[in-house]
Every structure is written in C-alpha cells, then in structure tokens.
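As structure tokens, the structure follows; a few thoughts come after it.
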Amino acid sequence: MGVLLSVIVFFSMQSWENKRLETSFMQLGKTYTEILKGSLKRPFGTMRSLSALQSSRCDVEQKGYAEFMEEFSNFASCSLSCHNETKMLSWIPRIKKKDVQKYTELAQRDGFPNFKITEKSSDGSIIIAKERDEYFPIYNVEPFENNKSFFGYDLSSNPVYLSAMEISKKSGRIAATSRLEIYDPELKENIYAFMLFLPIYRGGAHLKTLEEKHNYLQGYVAGFFVINDLLKNSFREIDLKGLDIHIDDVTDDNNIVFLFKSRDGKHNNHPLNSPYSLDNQADFEETIDVGGRIWNFRIHPSPTYFSEKRSSLALNLLIIVLVFTSIMIIHLFITVGQTSYVEKLVSERTQELVEMNSRLEQEIIEHESTTTALKDSEDNYRNIYNNAQVGLFRAKQSDGKIINANTRFAQMFGYRSQQEIIYDFYLFDQCLSHEKCSEVMKELKEKGEVLNVEMPLLRKDESHAWMRLWLHSYPERGVFEGVATDITDEKMMREANTELQAQLLQSQKLESIGRLAGGVAHDFNNMLTGILGYSELALMEVEKEGPLWKKLKVIESSGLKAASLTRQLLAFSRKQMLDMKTIDPNLVLQSIIALLRRIIRDDIELKCIENKGVWNIKADATQVEQILMNLSVNAQDAMPDGGYLTIALENSQLTEDDIGAYAEVTPGKYVKISVTDTGVGIKPEIQSKIFEPFFTTKELGRGTGLGLSTVFGIVKQHNGHIMLYSALDEGTTFNVYLPAELDTKTFHAPEEILELQPGNETILVVDDEPSILELIADTLKPLGYNIIVANNADTAFTKSHKCKGKIDLLIADVVMKGLNGKKLADSLLKKRPDIKVLLVSGYSGDIITKKGKLGKGISFIQKPLKPAELTRKIRDILDNS
C-alpha cells in the first residue's frame, strides 16, 4: 500500500510540475509579446515625430525648403543612428496633375535640376510617370545618397504602396505594407522589410468623411524598416535558448507570409525548411496589429527546454516516501503485538484527520474561488468603466465638483487624465447657460433624474462644447452620477442642415414663382401683340400730334410699360430668348455709362472702372445692360442723401474654397461685374428675399419689386452667379459672375431701323390666336406681301398643298393646339426645303430652346410683335437667304 501511495504521489507531483512549467512558459510568452509590441512602438514613434515635423512645415514646398531640409536631415540622421532597423525616411506630397510643373520648378530651384516624377516599367527600369489625376512622389528622403535614385519616384504607381496609402488615408492612422523583399548590396542577399505611411491633412483638420480626407490630404510621411533588424533588436536582451520563435503576416488567410524566425536563440533571415514536428500543445501563439497588418507571433519550446527546467522535487519526495514506508513496515512488524484497541483508536483518529483535512481543503478552494471571482468582477467593472466610449462621472450635489470620472469624460473636456479633471473640474462652473444649469439641477432635485438634456459647456481650452447628459441623483450620499456624450459635431451638422434646407426651400420657391411668371408672360404677350401692333399701325395712319394720335400714344405707352413688365417676368423666370454673342464687357460698360449718368442723381458720384485685360463673355449685350441699369437704379434708391456708386470689371478664377456655402456655383473662370454703393445697406433678415419678384421695401407706387428678380433671372439664364455682400449703414456690393469666353472675336450691334419695309414674297402665317393672325395680315398685305393665313397646323398643311407657287416664308406660333410650330416647320421643310421659317412665341421656355439651337433656316422673334420690328426681321430673313 505504501509503495502504491508513493507512486501516486510521484505522478501527482509530476503532473503538477508539468502544469507549473506550462504556466511559466505561457507567462513568458506574454512577456515576450509585450516586449515585441514595445519594440514596434519605435518605428511608430519615429513616424509620428516625422509627421509633427512635417506638419510644422506644411508650406515647405513654397518657402524655407533649405532650412526644412536641414531639420529633416538632422531628425533622420538621429533616427537612423539610434535604430539600425530604420533604413529610409521620406516626405511624399500629394501633387495634382495641374501642379506637376510647379513642383518640378520648386525642386529644380531648391537644388535638384534633374527632378522628374517617375515610376517603374514592366522590366523594372525607371521611366517618366504616366499621366494620372494625382501623384505621390518621394520629395524629401534621408539618407539621400543611399536613396537618391528613388527621388521623385511616384509611390502610387506601385499597388503594394498604394494599398497601404489608401488604408492610411481612410483611417487617418499609420498603415503598413505587406512584406517587401529587397536586395541588400552590403549583405549581398535579399532582406525582408516593410514601409509605414502616415497621412498629413491640410491645416491638421479633424476629418470624418472619406470625401473630407480626400479633399484635405496634403501627403504622407513614410519610413522603410528592416524586419530582421527590428525583431533582433527586440530580443537582444532576452535569453532565447531552448525556444523557437516564428513570426508570420497572416492578414490574408489564403496567403500566409513569413517574416522572422529564431531557432534556439539563433536568428535567420529565411523561412524554416519544414513545419514544426514537435508536440504543439505547449506552443504560445498571439496576433499583433501592426499598422493594419496582422502578425502571428508563435513560441515553441525545444525538446530540452522543459527537461532543463524541471524540478527534482517529485523524485526526492518519492524517495522520502519510500524510505518512510519502509520504516513504517519495520515498525509495524515490531508493534504487531499491540492490542486491537490501539489499532482501533489510531484508525478512528486517522479517519477524523482525513475528514478534517478534506473539509479544510474544500474551504481553501472555495475561498480562493470567491476571491478570484471578486477580483475578476472588479477588474471587469473597472475596464468597462474606463474604456467606455461615453463619459461617465460622479459629482457632488452641492457644488458639482467631479469626484470620479472615466478616461473618455476627461478627454471630452480636454484633460489628459482622470486625476487632472477630478482635481480641477466643477460641472456647474463650466456651464455656459446658468439659467439652463439651474433648471436642470432643480429638476434633478425634484425628480431624482434628468434624461437626455442638451447643455453647452466649457472645455479646458475655453472652447465651447455641446453635451447630451443623463443624470441620476443619490441624495442620501450627496452625489449625482451621469453619462455624457459630446454632440458638438452633431449640433453643427444639424445647424448646417437647417441652413441648407432653408436654401433649398428658397430655391424651390423662386423656381415655382418663375414657372408662374413664365406662364403669365406668355398670355400677356399674346394680348400685348394686338395692343402694340394695332397702336403702331394706327399711329401711322393718323395726323401726328392730333387728338387721336395723342390718345393712341397713351395706349402705346401703356402697352410698352406692360411689355417691359412682361420682359422682367421672363427675365426672372429665365424664359426669354437671348441673342448670345461674344462681347467685350468694356464695350457694354461704355454703351450704358452715358445713360446711367443721365438717370443717376447729381448728389451721387458715379465711377466706372474699365479693365482692358478683362476676358470676353458670351452674353446678350442688351440683357447685361439691363443688369447694370437695374442694379444702379437700386443703388440710387439706397442712397437718399447721396454717396458713391462704383461699377468695376475684373477677371475672377473661382475655386472650391472661394464659393464656400454657395453650393450651386461651379468653379471656373468668370468675369466679375461689381456694383457697389455707400448706401443704407440691406437688413440681414430680408437678404434671402430680395430676388423674389414683387418683393420691395419701397413705398407703395414707387417700385414693382421686379428689378432684382430680373437681374437674378438674367444672370442665371447666362449660367452665371450673383452674390450679395451688405452691412447696415455701410453699403452694399452685388458681384455678378458671368462665365468667361476665351474667343477674341467680339460682336458690335448694328444701328436699329424703325421704318416698315415692303416686299412681294408669299408668306404662310399660322397662329391659333385670331387677333395675331389679323394683325400680321393687316401689317404685311399693304406692304405688297402675298399672305396665306391658317389657325392650326392641319389647315396650314392643306393650304400649303393647294398653293402651286413658291412659299417664301413660314411664320408660325410655337405653342398651338395640336401640332406645335416647331414640328410644323420641320414637316414643311421636308416638302419645301427652300422655305424659310420664322417662329413666334410669348416666351422662350418652349421646345425650340431646350437645346439652345433653333436649327438651320429657322429664326425666332419674341412677342409682343410690333409691325416695324416684324417687317425688319422678315426682310433680314428673305434678303439674306
């Protein structure tokens, strides 16, 4: 029995020893993992220091390059001398295609006359980089002499580098490439390395969306690190005897890449020839995130590792137990004659001791289990509390002093640690609205909790932050606890969305009013055609300055005013027909200046600043004059006590930074026409309404409210933009941006002829408005023309078919019941290819202008029609055919 007991004790001790060694081995593996992680912080620290250096010199490509290169070289030399795993440090700017020439000139100016942006060809030779939207060349590199062949090399041309750069740009953090195999001329063999990239954003802005990160990306700092040197340095001070270390890149499960191995303390730069053949039960294995790459760290003990560290306690104990058993056997034989009473007593006492020992062991196990559970629970709670992504805190109810807080709460208010915010932070003192704070604390005292309240608070650096709070009171302890979430960005986005929604509603309202204005103008022009046409014909038939002539003049004057109002409605709704020509803005300014000087009051000094170097514009000169006239008259009304009115021309290149909140503005080249007054200014609350039709701040009867709406419509119809800058009692500036036209040929309008012009050609007139048919016939027949009238397309086809002679001209309304005028013209041109076409419409929103062209042989005239203008247009078409 004693021998059996000895063997059991021996194997039990042996099992315990094995577990002890395995536990010790696993703890050693964790320690080595932390050492490895600490070593990997060196290249990461180098990258962050290089990023700080580069960010402090964000304009180095424009100025101070030599000074920066000295700083860059000193920093790189220090890093290279301190850490032999660092082989290269560099700055890679982001160069857009349009800036390549600028960067090339900067590099040549700074001492690199042969600088070019390059890449590798399919055979590995260095060639000029292919044309791309943007490049990422090496612009600064240390050590320069060893790496000057890479100067100007575009890293984005290599898919491996580009992949890491994209990951770094999206995350804003350091990103590593996969393993790179490079030939080392000093060692005369291939070595393994990897590159780290860290993005730098313009202005150091805190960016969230991918679009923001793309727009503000300035470039990258990059480092080249040798894996073998880095990891050998990590384990230099560690005794690796008896241990095999193996590190692989397992980012891609389907393509595991070897990085490093050390067998029995000896390092090697090549993969193991065969997988592990030993029992892997005792292996230690853990993964590490290195710049977005997953490295697998594995330690395997050699066959002699455990045997050298195994204790002889079990064997010694076995020998002692065997000796003790032998003594007991001898003693048993000696005392065999003792009485059964003693045997029974010994047996009972032994049983009691065994039971007592069993109970004691159970109590010890239960105590250890309880202690471990309590410690684990406390650690879990502390980890959850400290690592929570919302701010958690406890404060005194009397003065709001923070007595406990997690790391996130401290960071939200700009403090470096929990201890710092506990020492220095009073919640009530940080509240920017004392009224709101009092209201919240009153509710907390009455109800015991406050849920989802938003409050503006002050950070350590005096900046404002909006916090959403959930508070719960514990009056018996005199404290309250809370959860805080930083909603500053959310608040700003809400305000921005509100502003954008207001702009959208304003745009939709103007568009709706525009459609209404266009429809009203169409009907008005039909009616005004009869009024103005017959007024003009009647004035030709009566005695000038007679009583009837004066009455007809009043009718004509009223009709012209109505037509002017209609044109303003069409201008606002962008449905008028424009005569677009390439013009010099200076000529437009010269043609309107004399008229402006006559209508502007004497107490207003008018100054026109021409610019001989200004670009041409493609525009309707009459409409541009209308813009200047309306803005000048508006400026005069804003200066009741006199002042200065300035009109200036200049070239303007609008960029994305310039347009700011004007989302509808397209970047590009424009001619800016500025109209500035020194008047009373425009109140901020009505600035969003000034372009609406019929909105006016003038007294009743002093304005139609169509001046600025007309300007708005004309500008938009020219694909331009208008921007307002105004301050009360300081004045107003309207900046009109019209797209530049680089064509140097300018148009000069001919002088207007105001007489009726006769003819003898045959004209087919089609309109579903009887009064317009009658007016055109009454105008043209007395002048010698042969007129054929039709009130719809079907009738026009029938009369055209019956007419055996030539029809020289078709005059047709665009909008008619049934077939419209444009389709009628297209059909007649197929049968009579020599016929000329003159289309008539009340507004140019009809189908003829959807693509901006009328077609060959087709002309256009705007209603309301006037006899003199109509006959001049007819003669121009027929005489130039």
Side-chain angles (χ1 to χ4, degrees), residues 40-41 43-62 68 72 76 86 88-100 102-103 106 117-120 129-141 150-180 193-225 249 251-252 288-295 489 493 655-657 667:
L40 289 171
K41 289 180 180 178
F44 279 67
T46 298
M47 294 297 295
R48 294 189 181 96
S49 300
L50 184 59
S51 171
L53 175 64
Q54 181 62 34
S55 297
S56 68
R57 293 287 184 173
C58 61
D59 293 329
V60 70
E61 62 270 17
Q62 280 94 26
F68 169 70
F72 187 92
T86 307
M88 182 179 74
L89 296 173
S90 58
W91 159 239
I92 300 101
R94 177 192 186 190
I95 302 178
K96 296 184 178 179
K97 181 166 64 176
K98 64 183 180 63
D99 297 327
V100 168
K102 180 186 75 174
Y103 270 84
L106 286 172
I117 298 180
T118 61
E119 62 182 31
K120 285 187 178 181
K130 298 182 179 66
E131 184 173 316
R132 286 187 283 274
D133 291 338
E134 57 185 13
Y135 304 88
F136 292 87
I138 296 177
Y139 197 74
N140 292 327
V141 59
F150 296 108
F151 191 67
Y153 178 69
D154 178 17
L155 293 180
S156 67
S157 66
N158 185 309
V160 175
Y161 299 144
L162 180 60
S163 175
M165 291 161 68
E166 285 296 316
I167 293 172
S168 176
K169 179 179 72 175
K170 293 176 183 177
S171 64
R173 297 191 293 270
I174 295 174
T177 65
S178 57
R179 185 191 73 184
L180 306 170
F194 65 96
M195 285 194 74
L196 296 181
F197 292 91
L198 180 59
I200 294 180
Y201 302 105
R202 185 169 64 253
H206 180 68
L207 310 173
K208 290 187 176 181
T209 67
L210 289 177
E211 183 178 0
E212 290 176 329
K213 290 178 180 178
H214 178 78
N215 291 340
Y216 287 87
L217 179 66
Q218 185 176 358
Y220 299 88
V221 292
F224 187 85
F225 303 91
D249 186 336
T251 307
D252 183 358
I288 304 171
D289 188 319
V290 181
R293 307 292 302 180
I294 306 301
W295 287 11
D489 292 341
M493 288 181 65
T655 65
E656 292 180 356
D657 294 334

Taking [X] for its side chain and [Y] for its backbone only, find out whether a donor-acceptor pair lies under 3.5 Å.
X	Y	answer
Tyr135	Pro93	no
Tyr220	Met165	yes
Ser163	Pro159	no
Ser168	Phe197	yes
Arg94	His214	yes
Ser171	Ile167	yes
Thr177	Met195	yes

Locate the shortest heavy-atom distance separating [X] from [Y]; write the atom from each residue and the value.
X	Y	answer
Val290	Ala176	O-CB, 3.5 Å
Leu40	Ile288	CD1-CG2, 4.2 Å
Met47	Leu196	CE-O, 3.2 Å

Checklist entry - Got more than 12 heavy atoms from elsewhere within 6.0 Å of CZ, Phe44? => result yes
Set of side-chain hydrogen bond (donor to acceptor under 3.5 Å, both in side chains) partners for [X], sequence neighbours left out:
X	value
Asp249	Thr251, Arg293
Ser156	Asp154
Asn215	none

Checklist entry - Roughly how far, to the nearest 0.5 Å, is OG of Ser90 from CG of Leu155? => result 6.5 Å
